[in-house]
Protein chains: 2
Amino acid sequence: MVTLKDIAKKCGVSVASVSKAINHMPGVGAQTAKKIRETAKSMGYLPNAAAQALKTNRTFIIGVLLEDDDSHGLLHQFFVSVLDSFKFKMEEQGYDLMLMNRTVGKRTISYLEHCRYSNMDGVFVACIDFSDPELLELADAGTPMVTIDHTYPGHPSVYSDNVDGIRKAVRYAHEKGHTRIAFISGAPAGVTNKRYEGYEGMLKELGIPVREEYYKVSRYRDVKLTKELTAELLTLPEPPTCILMPDDYAGLGGLAAIREAGLRVPEDISVIGFDGLEYMAHISPRLTTVYQDVKRIGEAAAELLLKRIDNKEKDTPAKSIKVPVSLIEGETVVPPQKS
Amino acid sequence: MVTLKDIAKKCGVSVASVSKAINHMPGVGAQTAKKIRETAKSMGYLPNAAAQALKTNRTFIIGVLLEDDDSHGLLHQFFVSVLDSFKFKMEEQGYDLMLMNRTVGKRTISYLEHCRYSNMDGVFVACIDFSDPELLELADAGTPMVTIDHTYPGHPSVYSDNVDGIRKAVRYAHEKGHTRIAFISGAPAGVTNKRYEGYEGMLKELGIPVREEYYKVSRYRDVKLTKELTAELLTLPEPPTCILMPDDYAGLGGLAAIREAGLRVPEDISVIGFDGLEYMAHISPRLTTVYQDVKRIGEAAAELLLKRIDNKEKDTPAKSIKVPVSLIEGETVVPPQKS
DNA sequence: AATTTTGCATTAATCGTTTTCTCATCTAGT
DNA sequence: ACTAGATGAGAAAACGATTAATGCAAAATT
């Protein structure tokens, strides 16, 4: 490993000068600086991250918290897509992403402890259970942090326009002639509330009565439960003609329930998803769904976090960004049959 | 931030003693050690990763290289599933995962440089293009490394039993009565060769002639190309009755082609995928596919890498692990129609 | 009782950087 | 020509931890 010392020796200068030259700091002559930088390059010098971190208290490491009930957050298409975009933007700025966990050096610790141990410059959080006490602890700790789909006071966040997303879905269904529109939501959470708000609001706006039996609470990404709830909806005396699913993936359960009930999508019943996952475009029938702009969400998160890291001292109020959604027309919504 | 020094002061001992006590090293009395550990805990002491790394040359960081043509490796279900399992195992042993990239501190560097800069203890590689010169450079560098689906000389690796996977698929199709079995493979690569080997070998073993026109080369995860190639197969004078797809995802393209040709799966044509991705179980028709044991693959990779890190000096020959695959019976294979 | 061994604790060096302070030299202003 | 200021370079301290070397007292050996 080649160090500043090696370069210094070769150039016949002090390590201090080498450091300054390499970091383009004043206090070293243009000539010398050039020579130093050249030999540094020729020797294949690379700074030592640990030493730099120790001295400067900057690691250029961003912790990534992607957890769900089963701690397999990496398997969530939506979150991973956002992360992918976030990653791209952060790497551009020289940051590294580290997956956070609760085990360091064979001991079990908290997220906050992991964050402090590794001296992370910031944290990216996207997961389901935002009420986890460990997360609250982390949020209180003062490390720059950005969250997806939830806002902690004092921290920036990014989220889709969930209200509008469901509004768009309901309006679209209505335009196609539906009035018996059911909504299976995800588990109670900020996002879920917003979506329900959109559902109820739009129905009222359209003069459609809000029927309690048309609203069911499932869980995000829960195929099985969503399938069951869909089956329940289908057995209502007056079943809905269109169902909004918690998300695309859970919606697969809904589609299965409809199929097993001997009904067809969309002829007998229309379905609308949420997320707009990549692979959904390839399955049949192509799901009509509310698209969340994962690329934009990830980028926005990166921007906010970067700003936060730079202005650590200045207590600018934490900004939140709402990202517009759009409706992807698939093949799962057609005018309801006359019944 | 509380340091060893702080603890030392509070306990009236030297930092050396504190360090030893905390790391359960000999050379400090049981009494003192206990007291030191207690006050350390009460003060909320956490070691400083940077300082430890600097001194010990161990970071407990594992680099993760998940790249493909579009550098969106995170979006590959299969690889991410393996990673998820790998992650779990590595975290148990106190390692952190860091996503590798080519930008550090706003400069563009190579993977190898990133690896050295961050002083990674090991690297996990799973991607498509194993001939990337940067990867070769990394492989030559001596950092412990484990690869998925490819073996670099001198490094351990893990891969599914690809030969047997396709053999199982072909045998299954044959059992169902198929003899006109086509194979659309992924792009040329070690894995692909193995699969072709299984295809050709099993056909011969079953006494089925190997027909050149039944073999097409697509690319993994390429829905569009696979769709086109499937369409080509369907227009053959004597089209196949069963098609093996490069993988489940690309297989969606195949299904689409068949649908658009006005044919039905499986009544008119049978289809077999590869991977056994989670969500495939929920779409209709449920794809019959060769399941790769992602959990086992990830675990095996972790085991091999850990061993490699521990025995860095001892030049034990790099071990490779072949993980068995299994066939998941879905709904896409039935006996061929009489024609 | 003298000497060796053992056990416990400290001192100090070191890892590779960054950064402040000091010093010498050179330029410029009067 | 003499001083004030600028400039280039180096010395040294620090970041927080580990660890080899060392010292010293008590215990064990002969």
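As the structure is a prediction and not an experimental result, all values here were calculated from the model. In the text below, chain A, chain B and the rest are named by the order of the sequence lines, each starting its count at 1.
Here C:dG16 presents its P atom at 11 Å from NZ of A:Lys9, a figure rounded to the nearest Å. To the nearest angstrom, P of C:dT17 lies 18 Å from CZ of A:Arg58. If you measure from atom CE of A:Met1 to atom P of C:dG16, you get 6 Å, rounded to the nearest angstrom. Rounding to whole angstrom units, OH of residue B:Tyr117 and P of C:dT17 are separated by 10 Å. Atom CD1 in A:Ile22 sits roughly 10 Å away from atom C1' in C:dT17 (whole-Å rounding). Distance B:Lys20 NZ to C:dT11 C1': 10 Å, rounded to the nearest Å. The CG-C1' distance, from A:Asp6 to C:dT17, rounds to 13 Å in whole Å.
A:Asp84 places no side-chain N or O within 3.5 Å of a backbone atom of A:Val80 that could act as its donor or acceptor partner. Side chain of A:Ser118 to main chain of A:Met120: no donor-acceptor pair is present (N/O by atom type, distance under 3.5 Å, no hydrogens or angles).
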Next item on the list: Any chance you could lay out the side-chain contact (heavy atoms from CB on, under 4.5 Å) test for A:Val125 and A:Ile148, step after step, and finish with the verdict?
Entry: CA-CA 6 Å; A:Val125 179; A:Ile148 307 297; over 6 Å; no

Next item on the list: Take A:His150 and A:Tyr159 through the test side-chain contact (heavy atoms from CB on, under 4.5 Å) and record every step on the way to the result.
Entry: CA-CA 7 Å; A:His150 180 89; A:Tyr159 49 91; over 6 Å; no

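Between A:Gln52 and C:dT18 there is a side-chain polar atom (N or O) within less than 4.0 angstrom of OP1 or OP2. Considering only side-chain N and O atoms, A:Ser19 lies nowhere under 4.0 angstrom from the phosphate OP1 or OP2 of C:dT17. Contact annotation: B:Asn57 side-chain N/O to C:dC15 OP1/OP2 distance is not under 4.0 Å.
Residue A:Thr3 is in sugar-phosphate contact alone, with no base atom involved, counting any heavy-atom pair closer than 4.0 Å across all strands shown. Looking at heavy-atom distances under 4.0 Å, B:Ser14 makes contact with a base.
Taking 4.0 Å as the cut-off between side-chain N and carboxylate O, A:Arg102 and A:Asp132 count as a salt-bridged pair. Between B:Glu303 and B:Lys307, no side-chain nitrogen of the basic residue sits less than 4.0 Å from a carboxylate oxygen of the acidic one, so the salt-bridge criterion is not met. Ion pairing between A:Glu299 and A:Arg296 holds under the 4.0 Å rule for side-chain N and carboxylate O.
Between B:Thr56 and A:Ala16, the residue anchored closer to the 5' end of DNA chain C is B:Thr56, taking for each the nucleotide with the nearest heavy atom. Place B:Val15 and A:Val15 on DNA chain C by their nearest nucleotides, and B:Val15 ends up nearer the 5' end.
Residue B:Phe124 forms a ring-ring contact (aromatic ring centres under 6.0 Å, His included) with just one option from B:Phe86, B:Tyr95, B:Phe79, and that option is B:Phe86.
With a heavy-atom cut-off of 4.0 Å to chain A, the contacted part of DNA chain D has its first and last nucleotide at D:dG8 to D:dG16.
Donor-acceptor pairing under 3.5 Å is recorded for the side chains of A:Ser14 and A:Ser17.
Using a 4.0 Å cut-off on heavy atoms, the residues of residues 28-50 of chain A that approach DNA chain C are A:Tyr45, A:Leu46, A:Pro47, A:Asn48, listed by number.
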